[in-house]
Amino acid sequence: MEWASDERFSTYEQYKEDTEAIAGWLAYNSRRCGYVLDGPVSAGPSNAPSARLKGKARKQARSVGAKSASTPTPLKPQYAINVSDFSRMAKAIADFKPKVVIPTALDNLFSRAIDARRRFTDWYKHSSHGEEKSNERHAHFTGVLNSAWEILRPFEPARKSHVKKQPANVPNTESLTNLANRFSKLEVEQSEDILDTETSTSAEQDDYKLTDIAPVTIVKSEEGIEEDFFFAIFAFMQELDELRAYIRHMWLGYSKGIMELMACSLLTNTAIQLVRRAEQELDFMEDMSSRGQDLDSFLKPSPRFFVLDCSHADLCLMETFGALKHSLYRFKAQGGQYLLAGNVGHQKGTPETLARITDMLPCFQGVARAMADSFTGDEITSGIGVMFDSQVIPIWVAFAVQALLDIQDELKAIPKKATPEVKQHARKKLAAFRSMDLSHEPFSKAEQGTQWLAATLGAYELDVLGDNFRKTLIGANVMRDANGRTMPLSRNLDAIRGQPGTHEFMFEPDYFLRINPVKCGMLKYGLYLQSHNHAVQFEASGRNITPMVHLYVACRTVFPDDPVWPDMEYFLGHQDLDYLFVGGLPGSMDEAYKKTLLSVGMSAANFAPNRRSTAPNIDVNKGRWVSSPCMLDDVFVTWMCGGSAGAGELLVNLVKVISDPKSATARARLTGMSPKAISISGDKIRTGADLRKVTILARLGAQVMAETHNLYFDWLSFVETCEKIWAQIYSALDQQNGKKRNRSKHSTLIDMLDEARKCEWMAEAAKVDAKSVVRENATGLVQSWQAIQKVTRQAANIPSESDSNANLGKKAWIGDKELFNVVSKAMGESAYPNLSMASLQNAYRNWSKEDFNQSRTVRTNCSRWPQREKQRLME
């Protein structure tokens, strides 16, 4: 379906829609069976049963509908349904002859609605402190739904057999050794409209979609409205509790060296955005306020802090919310202009949550105020800034702070793990970028973009390596001595040390990064995302990789038994080859020639026989160029560039990406699954059957982990390798012709492929092996393949901080240095990226067994594998 900004991400809203759909189906069909509703009915059309048209009749109906589009369509009657009507309507339908067919979608809706309601009643029963009447009242509507369903399907086996299996809740505990597999094999579902075409007849598409329903209003008593109020609160807070458990589990995986820091941070940030969006959807506060509920007295800042030891308080984040209320009260009491005072002594018996929040809140407050537009915004810092600016505590802010406390708890044994990790990646990324010579073509053509990237990476350097957060807070390079000279940081600290209200964090380098691992992950992600985005834009304007892709594939077709280029094989594996090569890889030189012309924007009409004009019709804007396989880049770039990410738009865009069949296909290919498995993965796209927040996070987690590979693949360095090969090709062609040829890559490529296809035609005419003739006579293509082999098989010196004695002396080549980046970047930090056995064997196809077994890339990747798997690969 086409996702809109008003799309719901709420269990309660989904439950409301489910119950209204059930009531609408019961009302519409019970009236057809002769049942008379007691409630008022608005004017509407007759109750004639609808029929699904097919074939020619459907086309005619569409034509008539188009002609009468201006004529208002009469609405179906709207009924006011009492709760007591559910069982009566169900009985009228069940008793009717001939028997009414019960759609599977109705079973699914009943099951999902009852399950949601039952979870609430069960929880309330176990935490209601003996309020039996309240328990019965909350369970009443669950019984109403269950009774109606049992009347329609009296036998339990029949009910269960028709119900689509509900997705299980994310467990609080899970074997961390299986966590990586759960991510890589997680199936992505998609929400999409049921298209009214003759091909969309699959029952799977209608799992939760009912036809022949009437718009209804469910009339409830005051007690029923109050029940809905508590159910809405429970559903909302239960989702938050599930998100907390999910986030904790991800960070536990990170602490154990399984999960990637970038993925954990992105998932945490997204979880906070999901809560923020869901809070906007809540409308019960206004309803209950009108019924005399004094919410203001509960929500406003207060010097009091209550400790409530019960499940209600835990579910509703009461301790965290109370600590924020207390801090906001202190802030308002001191005039609301400055940071909360530091050095606040905690009395004996101060609750741990209050002490932890009041200790770290001034730092977050200062960073949020001083660096509101900084790169890589994290939603925790942003939320705390919103709280102090608005002097209101939204639920999503309380959730964000609680999530941070949970993360710190999971990293308690290694609280500084994230800080040195992001520092190491920053040093290596900056060193790699600054070591590149970007002053010559084709890089010199993007001078302005290169300067922007250098400045951006410089800003990251300040935040990650320059202790920029602390310097900004204490005014480093701003405070001056009596002579007007800037004082160094140490003297700044001496000037404020011991002063009343001085904050302890000002004297600890990188304090903000240490207490905020989410920020560390966002900074790390930003480093790679900014570089990757620049390289992708550089390729879009310069088109340097695309001609090499076509040349390599053509050469590989002629020399199928020669060793392949690992980096290029990996690169091709992450491209849409059907798009890039207009229907798939070429099987001949004639196909390679035509597909190359089509890729640069030549119209297919140029290949039509008996054309009047032989002039080529080329439009480069319609060309098919290599593209970024990172589908999340455009969604997350707002967080990376200092902008404010709106919860609505960002989440809608995220759901679009993670529910795209291309995402599932890319992940399947990445994990080395078979084409059949890829097809199945695409077939398992579903309608909006499960939009729980934790499900969205799980889908996103799988996508982020898959795309980590592609962020670590350095496109700029890959372009450097391509340029080295082109230099060898031009040198060989110049020597052959005795003069310099046209240096346009595409023109040179087209000339070589034209020569090769003519050799192929000669072979076909002589009825001899075409590849042998091409290898003997197509000198341009042969020299190009020799250049590719020569450059890619050159030894490369690629040092790594993750080296162990077991890895020293292993072989590395220019042709697999980007692949080495992919498998080594997070070595010792997480189980990802980790290439499958099938991916490695494909990337080193036709290599000698000795070179493959001694490959530093292969050895590094396999160091994460069990011993048995390593032996299998080396055999």
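Ring-plane geometry between Tyr844 and Phe852 is classed as perpendicular, the angle between the planes exceeding 60 degrees on a 0 to 90 degree scale with a lower cut at 30. Ring planes of Phe443 and Phe538: parallel class, angle under 30° (limits at 30 and 60°). Using a 30° and 60° split on the angle between ring planes, Tyr525 and Phe636 fall in the perpendicular class, above 60°. Taking the six-membered ring for Trp and thresholds of 30 and 60 degrees, His532 and Trp715 have ring planes more than 60 degrees apart, a perpendicular arrangement.
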May I have the step-by-step check of salt bridge (charged side-chain N to carboxylate O under 4.0 Å, His left out) for Arg556 and Glu569, ending in yes or no?
-> CA-CA 11 Å; Arg556 193 182 65 178; Glu569 291 295 327; 2.7 Å; yes
Run the numbers on Asn853 and Val858 for side chain to side chain contact (heavy atoms under 4.5 Å, CB included), then give the verdict.
-> CA-CA 7 Å; Asn853 289 342; Val858 174; over 6 Å; no
Does the side chain to side chain contact (heavy atoms under 4.5 Å, CB included) test come out yes or no for Asp567 and Thr721, once each step is laid out?
-> CA-CA 10 Å; Asp567 285 347; Thr721 301; 5.6 Å; no
Verdict with supporting geometry, Trp726 and His746, ring-ring contact (aromatic ring centres under 6.0 Å, His included) = CA-CA 11 Å; Trp726 279 114; His746 280 102; 8.6 Å; no
Is there a side chain to side chain contact (heavy atoms under 4.5 Å, CB included) between Asn821 and Lys817 once you walk through the steps?
-> CA-CA 6 Å; Asn821 280 335; Lys817 63 187 178 74; 5.7 Å; no
Stepwise, does the side chain to side chain contact (heavy atoms under 4.5 Å, CB included) test hold for Gln728 with Val791?
-> CA-CA 8 Å; Gln728 292 281 339; Val791 172; 3.7 Å; yes
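Judged purely by atom type and a 3.5 angstrom limit, Ser588 uses its side chain to pair as donor or acceptor with the backbone of Glu591. For Gln530 (side chain) and Leu453 (main-chain N/O), no donor-acceptor pair under 3.5 Å exists by modelled atom type. Of the possible donor and acceptor atoms, none in the side chain of Glu723 sits under 3.5 Å from a partner among the backbone N and O of Val719. In terms of modelled atom types and a separation under 3.5 Å, the side chain of Asp816 and the main chain of Leu819 share no donor-acceptor contact. Side-chain atoms of His574 come within 3.5 Å of backbone N or O of Tyr570 as a donor-acceptor pair. For the pair Arg856 (side chain) and Lys811 (backbone), a donor-acceptor distance under 3.5 Å is absent. Within the 3.5 Å criterion, the main-chain N or O of Ala727 finds no donor-acceptor partner in the side chain of Ser731. A donor-acceptor pair under 3.5 Å is formed between the side chain of Lys595 and the backbone N or O of Gly584. Lys771 places no side-chain N or O within 3.5 Å of a backbone atom of Val558 that could act as its donor or acceptor partner. Between the Glu260 side chain and the Met262 main chain, a donor and an acceptor come within less than 3.5 Å of each other.
Rounding to the nearest 0.5 Å gives a distance of 10.5 Å between CG of Asp590 and CG of Leu753. Here CD of Gln575 is found 8.5 Å from OG of Ser628. Values are rounded to the nearest 0.5 Å. Atom OG1 of residue Thr596 and atom CG of residue Leu551 lie 9.0 Å apart, to the nearest 0.5 angstrom. For the atom pair NZ (Lys622) and CE (Met602), the distance works out to 13.5 Å, reported to the nearest 0.5 Å. With values rounded to the nearest 0.5 angstrom, Asn544 atom CG is found 8.0 Å from Cys722 atom SG. Taking CD of Gln703 as the start and CE of Met705 as the end, the distance is 12.0 Å to the nearest 0.5 Å.
In this structure, Trp785 and Arg775 have side chains that are not in contact, with every pair of non-hydrogen atoms separated by 4.5 Å or more. Residues Thr450 and His534 form a side-chain contact, since some pair of their non-hydrogen atoms from C-beta on lies under 4.5 Å apart. In this structure, the side chains of Phe571 and Met548 stay at 4.5 Å or more apart for every pair of heavy atoms. By the 4.5 Å heavy-atom criterion applied to side chains, Leu632 and Leu654 are counted as neighbours. Under the 4.5 Å side-chain criterion, counting only non-hydrogen atoms from C-beta, Pro563 is not in contact with Arg845. Using a 4.5 Å cut-off on side-chain heavy atoms (C-beta onward), Val822 and Asn710 make no contact. Put simply, the side chain of Asp633 reaches to within 4.5 Å of the side chain of Leu529, judged on heavy atoms. Two residues are said to be in side-chain contact when any heavy atoms from C-beta on lie closer than 4.5 Å; Asp754 and Met589 fail this criterion.
Taking both residues in full, the closest heavy atoms of Met436 and Ala432 are given as CG-O, 3.3 Å, listed atom of the first, atom of the second, then distance. The two residues Arg624 and Asp578 have their closest heavy-atom pair at NH1-O, 4.1 Å. For Glu760 against Val774, the heavy-atom pair with the smallest separation is N-CG2, 4.1 Å. Residues Ala763 and Val773 approach most closely at CB-CG2, 3.6 Å, considering heavy atoms. Closest of all the heavy-atom pairs between Pro560 and Asn846 is O-ND2, 2.9 Å. Of all heavy-atom pairs between Ala535 and Leu716, the closest is CB-CG, 3.8 Å.
For the 3.5 Å distance criterion, the side chains of Asp437 and Ser439 qualify, holding a donor opposite an acceptor. Under 3.5 Å, the side chains of Ser772 and Asp769 contain a donor-acceptor pair of N or O atoms. Under the 3.5 Å distance criterion, with hydrogens and angles disregarded, a donor-acceptor pair is assigned to the side chains of Asn861 and Asn834. Counted by atom type alone, Glu539 and Ser627 present zero donor-acceptor pairs between their side chains at under 3.5 Å. Side-chain contact annotation: Ser836 with Ser839, donor-acceptor N/O pair under 3.5 Å present. Using modelled atom types, one finds no donor on one side chain facing an acceptor on the other under 3.5 Å when comparing Glu707 with Tyr712.
Crowding of Gln794 atom CD: a count of heavy atoms from other residues, nucleotides or ligands under 6.0 Å exceeding 12.
Residues Trp565 and Phe718 place their aromatic rings such that the two centres sit under 6.0 Å apart. Aromatic pair Trp813/Trp847: ring centres closer than 6.0 Å.
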